[in-house]
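Below: one structure, written as structure tokens.
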Amino acid sequence: MDEFELIGRYFSRSADSPLVVAGVGDDGAVLRPAAGRDLVTVIDTMVAGTHFPETMRADDIGYRAVAINLSDIAAMGAEPRWMTLALTLVDAEPGWLEAFAAGLYEAAAEWGVALVGGDTTKGDQLVISVQMEGDLEPGTAIYRSGAKRGDTIFVTGTLGDAAAGLGRFPAEAADDYLVRRFARPTARIRVGRALAGIAHSAIDVSDGLAGDLCKILDASGAGAELDLQHLPLSQELMAAVGREQALQFAMRGGDDYELCFTLPEAELPAAIANEVTAIGRVTAESGLVCRDGEKVVDFNNAGYRHF
Ligand code: ADP
Ligand code: MG
């Protein structure tokens with residue numbers, strides 16, 4: 001199968017969107033952004049064996065490549081619109097490509113994102129790069145740098161599941177909750193959209209909460225106190241590894257793709273109140289202090305090993 005045939009067969013579904021004038025098939029895609037909105041662009045690359053296990057299901061690989069970009073779009077507060085796909089394949093195996101495309105289009109369809117182009121190459125290693133564009137009302141993007149002393153710190157979902165799920169490869173069970181949390185991150189677009197123009201700061205948690213929250217704190221010139229007893233940990237994670245390890249996974253694990261954001265508690269939009277958990281407060285003194293009851297726990301030693 002040559003490149004032309006491969007693209008035609010797997011990556012040429014019609015975009016069917018007023019925001020796409022011309023999609024896959026020409027030298028470039030022609031996009032029609034809504035007038036007067038700011039564009040947000042993100043890109044994320046996944047290398048087989050580094051960012052996901054080689055044995056992961058092809059549909060999950062496709063889904064995840066889109067979901068991790070949706071997560072960046074969500075963290076900026078934007079509405080996802082278009083994406084392109086740069087695919088380096090070791091070999092073009094039809095069954096694999098079909099499943100990969102199915103997962104990719106599934107994630108894209110959940111948020112109405114159009115695949116409008118890409119590039120396909122052969123190489124020694126499977127590498128998937130997705131670039132995504134979104135848009136939002138001018139001036140409403142959420143940055144890492146806006147956290148203010150007194151803000152409450154919130155997160156979506158539960159933390160630490162994906163790190164535990166990753167540890168279950170290559171003998172993972174197909175329906176294992178923790179494995180699903182790694183393979184198919186939930187894009188928090190709805191929460192991000194509700195926070196656009198409202199949250200003081202936001203980031204998506206992809207490298208463990210401790211490190212990612214510190215990026216907000218560094219960018220904002222602030223510090224924070226976290227109450228570890230309020231960290232949202234799933235029952236599945238607690239049952240699998242116990243509280244101590246669950247906290248380690250949440251704080252220093254990776255790949256959760258949940259949102260962490262700050263704002264004055266009274267300004268939390270009611271529409272997302274049920275989807276987020278307050279876990280701490282922004283302080284004026286730099287540094288992250290994590291309290292577990294009377295104890296102070298240090299999560300600053302040695303980063304997460306990306307296997
Ligand atoms: P060119 O040689 O002009 O770069 P290509 O032959 O690489 O064009 O690609 C032909 C068309 O297919 C282009 O519209 C390109 O965006 C699209 N395309 C190539 N690879 C992919 C892919 N993996 N997914 C989606 N579209 C792709
Ligand atoms: Mg060309």
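These values consider heavy atoms only, across backbone and side chains, with no hydrogens, waters or symmetry-generated copies. Order of appearance sets the numbers: ligands from 1, and atoms from 1 within every ligand.
Contact check on Glu258 versus Arg181 returns a salt bridge, with a Lys/Arg side-chain nitrogen under 4.0 Å from an Asp/Glu carboxylate oxygen. Salt bridge present: Asp176 and Arg168 bring a charged side-chain N and a carboxylate O closer than 4.0 Å.
A side-chain N or O of Thr45 and one of Ser129 form a donor-acceptor pair less than 3.5 Å apart.
Shown in contact with Glu3 at under 4.0 Å from a heavy atom are these atoms of ligand 1, numbered in order with element: 5 (P), 6 (O), 7 (O). Every atom of ligand 1 is numbered from 1 in the order shown, and the set under 4.0 Å from a heavy atom of Asp27 is 3 (O). With ligand atoms numbered from 1 in the order given, ligand 1 contributes 11 (C), 13 (C), 14 (O) to contacts under 4.0 Å with heavy atoms of Gly25. Of all atoms in ligand 1, numbered sequentially from 1 with element shown, those under 4.0 Å from a heavy atom of Phe11 are 23 (N), 24 (N), 25 (C).
Both the backbone and the side chain of Thr120 come within 4.0 Å of ligand 1, judged by heavy-atom distances. Looking at Asp119 against ligand 1, both its backbone and its side chain come within 4.0 Å, counting heavy atoms.
With rounding to the nearest 0.5 angstrom, the CG atom of Asp255 is 7.5 Å from the CG atom of Asp207.
Tyr63 carries Arg184 over the face of its six-membered ring, with the cationic atom under 6.0 Å from the centre and within 45° of the normal.
Remark: ligand 1 and Gly23 share no N or O pair separated by less than 3.5 Å (distance only, no angle test).
Other residues, nucleotides and ligands contribute at most 12 non-hydrogen atoms within 6.0 Å of the CD atom of Gln235.
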